[in-house]
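Structure first, commentary second.
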Amino acid sequence: MYSLLRLLGDGRFHSGEELGGALGVSRSAVWKYLQRLEDECGIELFKVPGKGYRLAAPLSLLSYEDNAAVLAPLGWQLYLRESTDSTNAEALRLLQAGVAAPFVVLAEGQTHGRGRRGRVWTSPPAQNIYYTLVLKVSNGLQGLSGLSLVVGLAVLRALHRAGIESAGLKWPNDVYAGGRKIAGILLELNGDPADVCHVIIGIGVNVNMAPSTQGIGQAWTSVREQTGMLASRDDLSRFVSEALSHYLERHAREGFSSLRAEWETNNIWRGRRCTLSTGTQQVKGVMNGIDEQGALRLWIEGQGERCFSGGELSLRLDDDS
């Protein structure tokens, strides 16, 4: 199907015979693939007798050559997949197969995209960024301190370069624009975090996703909605890679404390009333910011300020704040 999408990517009409010849399949097979594009992928097509098939709206597809050229100077290898269950899962398989970090997995689409706390990450093909970077961490817990917040800063810088000046950070792993979620981050560890391990950094960015997309349980937005135009996924992938390289290098050299002030400057919920879900309880308080390690500082009535950190924490804005 992705080969078919690339043929249709020029925006012109193509006959079933022409598409079949290019793909080496029958016209009936082409018709079945086109039906799957519409039914399973939500990609609208124009079908005109005597002219053939054309995409109803342009798509931005990923280029292996362009992305590899960006990653090569960084020393990162690229693995581009047309479709995978999730880029984090594919990265783990590559790691277990002996691929040496650092490397990046990019995908046109995901069949089982994952967010934090086991949530589904909606991943329609050829519309968003599905990006995973694998790094080797050899300085133990110090190398992991505040890492998810550092990745958030990198994604924020990439979105600012894409023209979304309103983007800001929500503790611990989300990027918002105009009060709605535009990107999320999922970090997973492989190995001993107290010694040598690998960190699998998954990033999802809503780029050109259609407003009619179903199955998302929270308010969301996209680069296209914020800018009013089709965004280049290659450009945004490049922005993410370059920003990650910059912030990760600084984090490794200076630690998270050197980036704390910048994170706080972009903290969109500072001073807001929130509810923190810890898995076993819910804690209400006022978001005071973060500490030197990136932990949440929450002011709780009757208790004063407490700090919270951990992978299973989730912060929700109270309606009356």
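Atom set for the values below is all heavy atoms of this structure, side chains included, hydrogens, waters and symmetry mates excluded. Residue numbers run from 1 in the order of the sequence given.
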Exercise. If only atom types and distance count, is the side chain of S314 paired as donor or acceptor with the main-chain N or O of S277 below 3.5 Å?
Worked result: no
The reported gap from CD in E82 to OG in S3 (rounded to nearest 0.5 angstrom) is 5.0 Å
Applying ring pair (Phe, Tyr, Trp, His ring centres under 6.0 Å) to F103 and not counting sequence neighbours gives Y79
*Cluster link I185 to L92, ILVMFWY, side chain under 4.5 Å*: no
When rounded to the nearest 0.5 Å, the distance separating CD1 of I201 from CD of E188 is 11.5 Å
Examine distances only and state if a side-chain atom of N208 and a backbone atom of A231 form a donor-acceptor pair shorter than 3.5 Å. yes
Using the rule that two of Ile, Leu, Val, Met, Phe, Trp, Tyr join whenever any of their side-chain heavy atoms come within less than 4.5 Å, decide whether I268 and W299 are in one cluster. no
I'd like to know if I300 and W269 are part of one continuous hydrophobic network [Ile/Leu/Val/Met/Phe/Trp/Tyr, side-chain heavy atoms within less than 4.5 Å]. yes
| query | Would you say V105 and V155 are hydrophobically clustered, going by side-chain heavy atoms of ILVMFWY under 4.5 Å? | reply | no
To the nearest 0.5 Å, atom OH of Y131 lies from atom CG of L236 at 10.5 Å
Looking only at heavy atoms, the pair that brings V70 and P73 closest together is O-CD, 3.2 Å
Side chain to side chain, E108 and L61, heavy atoms closer than 4.5 Å:
yes
Heavy-atom closest pair (C274 atom, L315 atom, distance to 0.1 Å) is CB-CD1, 3.7 Å
To the nearest 0.5 Å, atom CG of L259 lies from atom CG of L149 at 10.0 Å
* Asked: E264 versus R270: any side-chain heavy-atom pair under 4.5 Å?
  -> yes
- Any chance you could lay out the salt bridge (charged side-chain N to carboxylate O under 4.0 Å, His left out) test for R27 and E18, step after step, and finish with the verdict? CA-CA 9 Å; R27 291 179 61 182; E18 177 189 349; over 6 Å; no
* Asked: Are the side chains of Q35 and L37 in touch, meaning some heavy atoms are under 4.5 Å apart?
  -> no
Problem - K284 and E301 ion-paired at < 4.0 Å - result: no
Handout entry: Crowding at NZ, K32 (>12 non-hydrogen neighbours, <6.0 Å)
Key = no
Does a side chain donor of either D85 or T111 reach within less than 3.5 Å of an acceptor in the other side chain?
no
Under 6.0 Å from the ring centre and within 45 degrees of the ring axis: does the NZ or CZ of R54 meet both conditions for the six-membered ring of F13?
yes
Would the number of heavy atoms belonging to other residues, nucleotides or ligands and lying under 6.0 Å from NZ of K181 be above 12? yes
ask   = Does the pair L244 and V151 meet the rule for a side-chain contact (heavy atoms from CB on, under 4.5 Å), with working shown?
value = CA-CA 7 Å; L244 277 172; V151 176; 4.0 Å; yes
*How about D234 and N67: does a side-chain donor come under 3.5 Å of a side-chain acceptor?*
yes
Inset, instruction - Under the side-chain contact (heavy atoms from CB on, under 4.5 Å) rule, what do V283 and L298 come out as? Steps first, then yes or no, please. - result: CA-CA 9 Å; V283 182; L298 193 67; 4.0 Å; yes
| Hey, does W171 have a side-chain heavy atom less than 4.5 Å from the side chain of N267? | no
### Task
Could you tell me whether a side-chain N or O of R273 sits under 3.5 Å from a main-chain N or O of L317, the two making a donor and an acceptor?
no
Interatomic distance, CH2@W76 vs CG@L78, rounded to 0.5 Å, equals 11.5 Å
So does T84 get a backbone contact from the side chain of Y130, meaning a donor-acceptor N/O pair under 3.5 Å?
no
Has S245 got a side-chain atom pairing as donor or acceptor with S241's backbone, closer than 3.5 angstrom?
no
Shortest non-hydrogen pair, V30 vs G16, comes out as CG2-O, 4.0 Å
(message) For Y33, is the OH atom crowded, meaning more than 12 foreign heavy atoms sit under 6.0 Å from it?
(response) no
Would you indicate whether E17, at its atom CD, is surrounded by more than 12 heavy atoms from other residues, nucleotides or ligands within a distance under 6.0 Å?
-> no
### Query
How far apart are the C-alpha atoms of L276 and L313, what are their side-chain angles, what is the distance that settles it, and do they pass the side-chain contact (heavy atoms from CB on, under 4.5 Å) test?
CA-CA 7 Å; L276 178 70; L313 301 180; 4.1 Å; yes
Judged by atom type as modelled, is there a donor-acceptor pair below 3.5 Å linking the side chain of H198 to the main-chain atoms of A100? no
Problem - Short side-chain to backbone donor-acceptor contact, H14 and L7, under 3.5 Å - result: yes
**Message:** Set out, in order, the CA-CA distance, both residues' side-chain angles and the distance that settles side-chain contact (heavy atoms from CB on, under 4.5 Å) for V199 and V134, then state yes or no.
**Reply:** CA-CA 6 Å; V199 59; V134 179; over 6 Å; no
| said: Can you tell me if R180 has over 12 outside heavy atoms packed within less than 6.0 Å of its CZ? | reply: yes
Correct closest heavy-atom pair for L62 and A107 would be CD1-O, 3.8 Å
Nearest heavy-atom contact between S148 and N173 is CB-ND2, 3.4 Å
- Query: In terms of hydrophobic clustering (I, L, V, M, F, W, Y; side-chain heavy atoms under 4.5 Å; direct or indirect links), are L187 and V205 co-clustered?
  - Reply: yes
Taking the side chain as C-beta and beyond, is there a heavy-atom pair between I43 and L59 under 4.5 Å?
yes
query = Is the closest side-chain heavy-atom distance between V104 and T132 below 4.5 Å?
reply = no
message = When you compare the side chain of I200 with that of T87, does any pair of heavy atoms fall below 4.5 Å?
response = no
Minimum side-chain heavy-atom gap Q127-V207 below 4.5 Å
no
Here the gap from D291 atom CG to F308 atom CZ, rounded to the nearest 0.5 Å, amounts to 12.0 Å
Taking the side chain from D192 and the backbone from V196, do they hold a donor-acceptor pair closer than 3.5 Å? no
Tightest non-hydrogen contact, residues C197 and L189, listed as SG-CD2, 4.4 Å
Distance-only donor-acceptor pairs under 3.5 Å for side chains of residues 161-168, two or more places apart:
unit_1, atom_1, unit_2, atom_2, d
R161, NH1, E242, OE1, 2.7

TODO: Look at atom NE2 of H112 and say whether more than 12 heavy atoms of other residues, nucleotides or ligands are closer to it than 6.0 Å.
DONE: no
If we count only N and O atoms by modelled type, under 3.5 Å, do the side chains of T221 and Q226 hold a donor and an acceptor together?
yes
